[in-house]
Amino acid sequence: MALLQIHPTDNVAVLLDPICSGETLEAANTKIIANSDIDKGHKIALSDINAGEPVIKYGFPIGFATNQIKIGDWVHTHNLSTALGEILSYEYKPALRTLPPIPARTFMGYRRSDGRVGIRNEIWIIPTVACVNRNAELIARLAGEQLKGISSIDGVFEIKHPYGCSQMGDDHRNTQRILANLVNHPNAAAVLVLGLGCENNHIAEFKQVLGPFDPKRVCFLEAQAVDDEIETGVRLVCELATTVSKMERVVCSAADLVVGLKCGGSDGFSGITGNPLVGAFSDRLIAMGGSTVLTEVPEMFGAESILMNRASNEAIFHDIVHLINDFKQYFISHNQPIYENPAPGNKKGGISTLEEKSLGCTQKGGTSNVTDVLKYADIVKSKGLSLLSGPGNDAVAATALAAAGCHIVLFTTGRGTPLGTMAPTVKIATNSDLYQRKQHWLDFDAGRLLTEGNLDGLADELMDCVLAVASGKQTRSEQLGFRDITIFKNGVTV
């Protein structure tokens, strides 16, 4: 029977296997008898903890004991509670690290005319409004069938969403900005923007948000203005394909990559395997000159000071403070508890408080300095590690990362999910049992870190995996055809 004390100061350890009441374990030369049945991934007390005292994991408090905890007790939501406050004040205490540069590796990508790099040569059909979602789907299917034999085209795909009309204020602007960002995404070699004609986000208005565009790459179709929008749409896609089909993969530097960092359905091993592994990958990519993006702001609560002290300058520190407190204010404005997290699946997997979840989640950002803070629907503009405003919801956060310009999203999970977005989504299992059961969902087994203990070796393997995906290898979600987007909604629908 094995358990893991993550940091020498921790007063709890994580069980690597289930334990029955009365069984004996040993930690730090101390025999511990389990006082109840405890599942793997959950915490067991290494010493007595009095009511009101902090429970320590990762070397940090993850909450306080709500009643007396005895050595060998199961430590979870029944005897542990968050110690977090609401809107807080912070002080900048720089703890910066300069990563030693390492030679950038290469992959086979597509060099676009504007100098950017894409990792897919796809044609996307983007509706301005939900009313033409089905039309976009039909156009994509029929055009895809006609272009199936052209190996240089990676596919024709529609991007369906529920908005584009009857929205007001920031919701309407966010829909337009997310869609405009996707039109400009480097993985899309060409785009057909499909409008209805009477929506709020009609093509003429959307063009103002989109700004300058290359007519050889982007074309527009208003369904109400033609007799048969399906026939016309297929023809336009096939015309775009004449240019797309001439594009070829060339050698590109990993320094050109932008990779999003995301977790969902976390378990007690997420902060021990998958998230530290992704953090090691992030540091490697940044040391090569690349970029990574960390989002899910509510899952930074409780570990935000770690990120703040890694701000590369005081201005970015204040941007992170606003990022955190503005998102807390969002909860308050809707009369919702700020710390209504972790989710039921997280708790079942062994996570008890938001501090515990956040200390695990933020490890995806590695140890790099924070170089930029992005608002929702912003595009990445700096090398290094950026923080992006967005909720923890899997689909919304993954969409925000794709729309920010991420070529790939790394998605760690301890519970399992088939979700994928428009950027290839690499699903990383935090435990090997899950990976073995759900290989049709998952791309990488980080659970091996528990048995192999070789973080550097697995980080190198993950880099190999990412570069293979960048060179054209399909992820499991791509193979399943899962390319969902979900746009953040906050306000009124007319």
Side-chain angles (χ1 to χ4, degrees), residues 1-20 23-28 32 34 37-46 56-60 62 74-76 261-284 342 345-352 356-367 410-417 426-439 441-466:
M1 198 67 60
L3 78 170
L4 177 63
Q5 183 182 14
I6 299 170
H7 190 275
T9 63
D10 291 354
N11 54 15
V12 295
V14 177
L15 288 171
L16 304 184
D17 298 292
I19 191 172
C20 296
E23 289 194 59
T24 301
L25 296 163
E26 188 169 324
I32 299 171
D37 295 348
I38 308 174
D39 202 358
K40 66 179 181 180
H42 285 249
K43 297 174 290 298
I44 188 170
L46 298 177
I56 309 296
K57 183 181 177 185
Y58 303 112
F60 292 92
I62 60 168
W74 175 33
V75 180
H76 199 36
L261 313 174
K262 169 81 182 83
C263 61
S266 301
D267 68 353
F269 299 117
S270 295
I272 301 170
T273 61
N275 293 344
L277 176 62
V278 168
F281 165 87
S282 176
D283 283 349
R284 277 168 167 73
N346 301 151
K347 294 175 183 177
K348 187 175 180 181
I351 297 174
S352 309
E356 181 180 7
K357 184 173 174 65
S358 296
L359 286 165
C361 288
T362 54
Q363 291 185 65
K364 298 190 303 292
T367 62
L410 300 188
F411 191 124
T412 65
T413 177
R415 310 297 296 175
T417 178
V426 176
K427 242 74 67 56
I428 300 168
T430 64
N431 66 83
S432 295
D433 288 345
L434 173 64
Y435 180 76
Q436 293 301 323
R437 288 192 305 105
K438 288 292 187 181
Q439 290 191 42
W441 285 0
L442 303 168
D443 301 277
F444 197 90
D445 178 13
R448 289 182 292 148
L449 191 57
L450 291 175
T451 54
E452 299 174 10
N454 185 359
L455 179 61
D456 287 339
L458 276 182
D460 289 338
E461 282 190 41
L462 182 56
M463 179 65 73
D464 291 341
C465 172
V466 170

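Predicted model, so just to flag it, every value in this text is computed and none were measured. Numbers here are sequence positions counted from 1.
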*Answer yes or no: is there a side-chain heavy-atom contact under 4.5 Å between N431 and T273?*
no
*Nearest heavy-atom pair of S266 and I351: which atoms, and what distance?*
CB-CD1, 3.6 Å
_Rounded to the nearest 0.5 Å, what separates atom CH2 in W74 from atom CG in L15?_
11.5 Å
*Measure across A13 and L46 and return the closest heavy-atom pair with its distance rounded to 0.1 Å.*
CB-CD2, 3.7 Å
*Q363 side chain to G271 main-chain N or O, any donor-acceptor pair under 3.5 Å?*
yes
_Whether the side chain of Q436 engages the backbone of D433 through a donor-acceptor N/O pair (distance < 3.5 Å, no angle test) should be reported._
no
*Which atom of G414 lies closest to which atom of S270, heavy atoms considered*: N-OG, 4.2 Å
_Distance check, rounded to the nearest 0.5 Å: L434 atom CG versus R415 atom CZ?_
8.5 Å
*Over all heavy atoms of both residues, which pair between A459 and A280 is shortest? Give the atoms and the distance, please.*
CB-CB, 3.9 Å
*Would you check if the side chain of H76 reaches a backbone N or O of K347 as a donor-acceptor pair within less than 3.5 Å?*
yes
*asked:* Between V14 and I272, is there a side-chain heavy-atom distance shorter than 4.5 Å?
replied: yes
*asked:* Using a 3.5 Å distance criterion without hydrogens, assess whether the side chain of Q5 forms a donor-acceptor pair with backbone atoms of D10.
replied: yes
*Keeping the roles fixed (side chain from D283, backbone from T367), state whether a donor-acceptor pair exists under 3.5 Å.*
yes
*Taking it one step at a time, do I6 and K57 satisfy side-chain contact (heavy atoms from CB on, under 4.5 Å)?*
CA-CA 7 Å; I6 299 170; K57 183 181 177 185; 3.7 Å; yes
*Would you indicate whether the side-chain heavy atoms of K40 and F269 approach each other to under 4.5 Å?*
yes
*Is any NZ, NE, NH1 or NH2 atom of the basic residue among K348 and D267 found under 4.0 Å from an Asp or Glu carboxylate oxygen of the other?*
no
*Backbone N/O of G457 and side chain of D460: donor-acceptor pair under 3.5 Å*: no
_Evaluate R448 against L458 for side-chain contact (heavy atoms from CB on, under 4.5 Å), listing each step before the verdict._
CA-CA 8 Å; R448 289 182 292 148; L458 276 182; 3.1 Å; yes
*asked:* What I want to check is whether the side chains of T412 and N275 have a donor and an acceptor closer together than 3.5 Å.
replied: yes
_I want to check something: taking the side chain as every heavy atom from C-beta on, are I19 and D39 in contact at a cut-off of under 4.5 Å?_
no
*Would you find a donor on one side and an acceptor on the other, under 3.5 Å apart, between the side chain of E356 and the backbone of S352?*
yes
*Looking at T417, L442, L261, D443, which hits side chain to side chain contact (heavy atoms under 4.5 Å, CB included) with F411?*
T417
*So, the side chain of K43 versus the backbone of G350: is there a donor-acceptor pair under 3.5 Å, distance only?*
yes
*Measure across L277 and F444 and return the closest heavy-atom pair with its distance rounded to 0.1 Å.*
CD2-CE2, 3.6 Å
*Could you go step by step and tell me if L25 and I44 meet the side-chain contact (heavy atoms from CB on, under 4.5 Å) rule?*
CA-CA 10 Å; L25 296 163; I44 188 170; 4.2 Å; yes
_Check whether K438 reaches the backbone of Y435 with its side chain - one donor and one acceptor, N or O, closer than 3.5 Å._
no
*Shortest non-hydrogen contact from C263 to C361?*
SG-SG, 3.3 Å
*Going through the checks in order, is the side-chain contact (heavy atoms from CB on, under 4.5 Å) test met by L16 and L3?*
CA-CA 5 Å; L16 304 184; L3 78 170; 5.6 Å; no
*Close side-chain approach of V12 to I56, heavy-atom, < 4.5 Å*: no
